[in-house]
Amino acid sequence: MTELERLCKAKIPCPETGITVKHTACDICAPSHHCGIDAYVKDGKVIKVEGTKSHPHNHGLLCTKGAANRDYIYREDRLKTPMRRVGEKGDGKFEPITWEEAFTEIAGRLNKIKAEDGPDSVAIYSGYTKWYRPMLKRFAYSFGTINYATESSVCMDATVMANITTVGGFPVPDMANAGVIIGGGLGPHYSNQILTGGLLAFKERGGKLLIIDPRITKASEMADVHLQLKPGTDGALALGIAKVIIDNDWYDHDFVENRTYGFEEYAKECAKFDLETVEKITGVPGDKVVAAAELICKNGPACLHQSESPLTQHRNGFQNFRALLCLLGLTGNYDKPGANFPVGPFSYNYQGGGFLTHEADYMNSTRPESKNPRIGAGRFPVWNMIQDEFQAMDLSRQILEGKPYPVKALLGFGMNLLMFPGTDKMRQALKALDFFVAIDLFDTPACKYADIVLPACSSFERGELRVYPSGHAYFTNPVIEPLYQSKSDTDIITELARRLCPQDTLLCQGYEASIDYILKDLSVSVESLKAADAPVAVPEAQPPVIGETYKKGLPTPSGKFEFVSNMLKACGVNPVPNYPEELYKPEGGRGYLLSTGVRMAHTLHSRLHKVPVLRSLRPEPMADISLEDAKSLGLTRGDLVRLTTDGGCLKIQVNPTSSVRKGVIHLYHGYEEISANELLPADWLDPCTGFPSYKSIGCDMEPCAE
């Protein structure tokens with residue numbers, strides 16, 4: 001082997017090999033991460049990826065998902081060209097067309113529907129990824145429709161809403177100074193791997209960890225106390241912990257008396273949850289509940305790690321989370337070192353960087369006037385009061401019923417059909433639409449129902465703005481040309497804007513002009529950020545100041561931490577965190593509880609199941625069941641069972657494991673062959689927020705023949 005051959009085999013960047021290293025960021029998961037990547041490029045193709053060691057977020061580390069970026073962007077099912085449907089909806093039969101033909105047809109069809117049925121009959125939706133959302137929201141408003149929505153209809157927003165109705169903002173945990181971390185569904189080994197290092201450091205310095213999770217996980221194995229509850233019973237557990245704290249006089253009297261609102265009503269609700277009742281509902285022994293209360297109160301300060309959605313994806317998820325959040329108010333662990341403290345508004349695209357931008361003004365300045373309510377407005381009062389989006393979980397109903405007005409067209413970016421509970425109802429709704437446009441990287445189940453399909457490109461093929469909590473901004477440069485005939489999402493939005501809302505001159509100038517507008521009062525610009533080719537510390541960034549609410553009060557109607565929420569009172573919702581008696585037997589008369597919302601370390605929902613190297617880690621969809629349940633039913637790994645819920649039934653292999661508690665079934669979602677969400681009724685939703693109950697539904701399980 002020659003020296004050059006050795007250099008090429010080792011992928012050494014140098015003039016001899018023609019390999020260069022270019023910088024970008026991973027866009028596979030949520031914008032709270034977006035780790036820095038070194039892309040090794042040869043002849044216009046990515047041949048290797050590594051983490052960027054100088055990046056302020058991941059410091060050179062990549063998870064299994066990030067490490068698979070090369071395989072991800074070169075997936076065989078990448079969409080290559082714009083296409084028009086030629087068969088029946090759902091058949092997946094298309095013919096290639098040009099971009100000009102696609103844009104002309106989309107503009108003509110949407111303008112016709114707008115003229116005949118009004119602009120609100122056109123819905124605009126964004127799934128993953130999220131990078132283009134400020135432009136898409138402005139586009140929806142400039143086009144004239146109030147019906148803009150995102151996958152936040154099922155993700156982080158219910159957690160945010162629980163905080164807004166309790167403390168008036170979104171407080172983050174000061175884990176570096178905490179004595180106790182409360183982790184409700186905290187599982188960084190599966191979905192936030194970079195946090196794992198911080199958790200290990202926390203434990204090494206003597207910190208105490210309380211994990212609340214139905215499963216035994218890597219995080220629960222690190223815990224000082226693990227409360228392995230039945231899925232969906234978090235509210236009853238939190239109220240029970242609060243009762244122990246109150247009964248033992250462990251609560252912070254000064255904070256409660258001077259800085260909270262509604263303590264007496266809250267304490268009255270907590271009194272219903274004695275240890276016997278809590279154990280009956282949650283399955284957690286009473287001594288464990290007492291141990292958790294003592295851990296929080298005697299090892300503080302304590303903070304709550306707020307995972308995106310483990311607690312809120314239940315029928316009572318919103319109130320469950322408020323109940324857990326109120327433990328902070330009860331123990332005085334709010335806005336002080338080592339507790340949870342409020343941060344300012346988002347700087348850009350769901351991320352706070354410690355500096356203000358014009359993002360909100362950019363998105364909302366073209367908001368249309370409409371007499372119509374947004375989709376879902378009448379069903380989910382808390383959602384409608386707080387969120388400036390329609391609730392996508394009501395989309396299929398309104399399409400099929402046409403009430404209170406018809407929805408005739410849908411423009412869907414990254415729409416994941418498998419995400420929707422009662423998935424077949426959404427299939428029927430997509431069939432019923434007059435016009436559906438799907439924009440995606442890959443040929444997904446949703447694309448099969450589209451009239452027009454447009455190919456988007458990956459983060460390696462475009463430039464975009466990222467913001468980090470460290471006060472950094474990063475505008476990436478493309479590391480390769482867009483593959484095939486794909487375009488960036490923002491280029492697609494810009495071209496549609498020029499045809500559908502030409503009066504919005506800023507939007508029609510494109511993405512970089514829009515970002516410059518958003519950043520216009522800062523010392524950085526698109527030009528300077530692109531030239532840096534690395535995250536830049538924004539001079540205007542300021543770290544949050546802990547303790548400000550002690551001087552100014554909280555941004556709630558009462559100015560205090562609200563055990564009794566005045567916002568919830570105003571929209572007719574029970575203002576006290578509660579766990580209704582009808583939920584005491586969450587199985588609904590069935591023998592087991594099914595959770596379809598669990599995570600795997602090597603995938604994100606359905607986005608990576610078609611990356612072969614990652615699919616090999618869990619090649620077949622399987623239901624995880626307890627060793628006890630497997631023994632009682634005579635099951636071994638790979639045996640088939642029939643799972644039956646109020647939403648339907650399916651056959652699947654089982655995987656008996658010691659990590660699952662008796663009576664619970666965990667079914668990983670996102671597989672196209674066996675879609676877990678087919679088992680959930682379309683109306684299996686939290687009445688406050690509209691969030692699906694992915695993580696707790698009654699289920700029967702019986703062995704069956706192959």
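None of these values were measured; they are calculated from a predicted model. Any value given below was found using the heavy atoms of this structure, including those in side chains, with hydrogens, waters and symmetry copies removed.
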If you compare all heavy atoms of [X] against all heavy atoms of [Y], which two are closest, and at what distance to 0.1 Å?
X	Y	value
G185	L311	N-CD1, 4.2 Å
I164	M567	O-SD, 3.8 Å
C35	H57	SG-CD2, 3.8 Å
M385	C571	CE-SG, 3.9 Å
S153	A392	OG-N, 3.0 Å
P56	S470	CB-OG, 3.9 Å

For [Y], is there any backbone N or O sitting under 3.5 Å from a side-chain donor or acceptor partner on [X]?
X	Y	value
N364	A360	yes
S693	S696	yes
D686	F691	no
S565	T165	yes
N299	V180	no
H314	P310	yes
N248	W250	no
E540	S523	yes
D234	N320	no

Please verify the inter-ring angle class for F561 with F255; under 30° counts as parallel, over 60° as perpendicular, anything in between as tilted.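 Perpendicular: the ring planes of F561 and F255 meet at over 60°.
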Exercise for the section: Measure the acute angle between the ring planes of Y579 and F273, then classify it against the limits of 30° and 60° as parallel, tilted or perpendicular. Expected result: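 Y579 vs F273 ring planes: perpendicular.
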TODO: Take T260 and Y266 through the test side-chain contact (heavy atoms from CB on, under 4.5 Å) and record every step on the way to the result.
DONE: CA-CA 11 Å; T260 70; Y266 168 66; over 6 Å; no
Electrostatic pair [X]:[Y] at N-O distance under 4.0 angstrom:
X	Y	value
E265	K268	no
K208	E294	no
K560	E562	no

>> Which residue in the set D224, L227, I181 passes side chain to side chain contact (heavy atoms under 4.5 Å, CB included) when paired with L210?
In response: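 When side chain to side chain contact (heavy atoms under 4.5 Å, CB included) is applied between L210 and each of D224, L227, I181, only L227 qualifies.
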- Do you know which of D27, I28, T129 makes side chain to side chain contact (heavy atoms under 4.5 Å, CB included) with S459?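 By the side chain to side chain contact (heavy atoms under 4.5 Å, CB included) criterion, S459 pairs with just one of D27, I28, T129: D27.
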Side chains of V536 and H472: does their closest heavy-atom pair fall under 4.5 Å?
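Result no, sub-4.5 Å side-chain heavy-atom pair not found.
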Is the shortest side-chain heavy-atom distance between V154 and M419 below 4.5 Å?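 They are in side-chain contact.
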Does [X] make a cation-pi contact with [Y] (under 6.0 Å, within 45 degrees of the axis)?
X	Y	answer
R215	Y190	yes
K130	Y350	yes
R259	Y334	no

Is the closest side-chain donor-acceptor distance between [X] and [Y] under 3.5 Å?
X	Y	value
N574	Q319	no
T331	Y251	no
T277	D274	yes

Open item on the list: side-chain contact (heavy atoms from CB on, under 4.5 Å), that's the test. Do D174 and N340 meet it? Break it down for me.
Closed with: CA-CA 6 Å; D174 182 14; N340 286 64; over 6 Å; no
_I'd like to check the salt bridge (Lys or Arg N to Asp or Glu O under 4.0 Å) partners of K272; sequence neighbours left out, ordered by chain and number._
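K272 satisfies salt bridge (Lys or Arg N to Asp or Glu O under 4.0 Å) with E269 once adjacent residues are dropped.
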| request: Indicate, with yes or no, if the rings of F346 and Y348 have centres closer together than 6.0 Å. | output: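 Ring-ring flag for F346/Y348: false, centres at least 6.0 Å apart.
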Answer yes or no: does atom NZ of K520 have more than 12 heavy-atom neighbours from other residues, nucleotides or ligands under 6.0 Å?
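Count over threshold, so yes.
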- Message: So if I apply the ring pair (Phe, Tyr, Trp, His ring centres under 6.0 Å) rule between Y468 and each of H55, H34, H59, which one comes out positive?
- Response: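 The single option meeting the ring pair (Phe, Tyr, Trp, His ring centres under 6.0 Å) with Y468 is H55.
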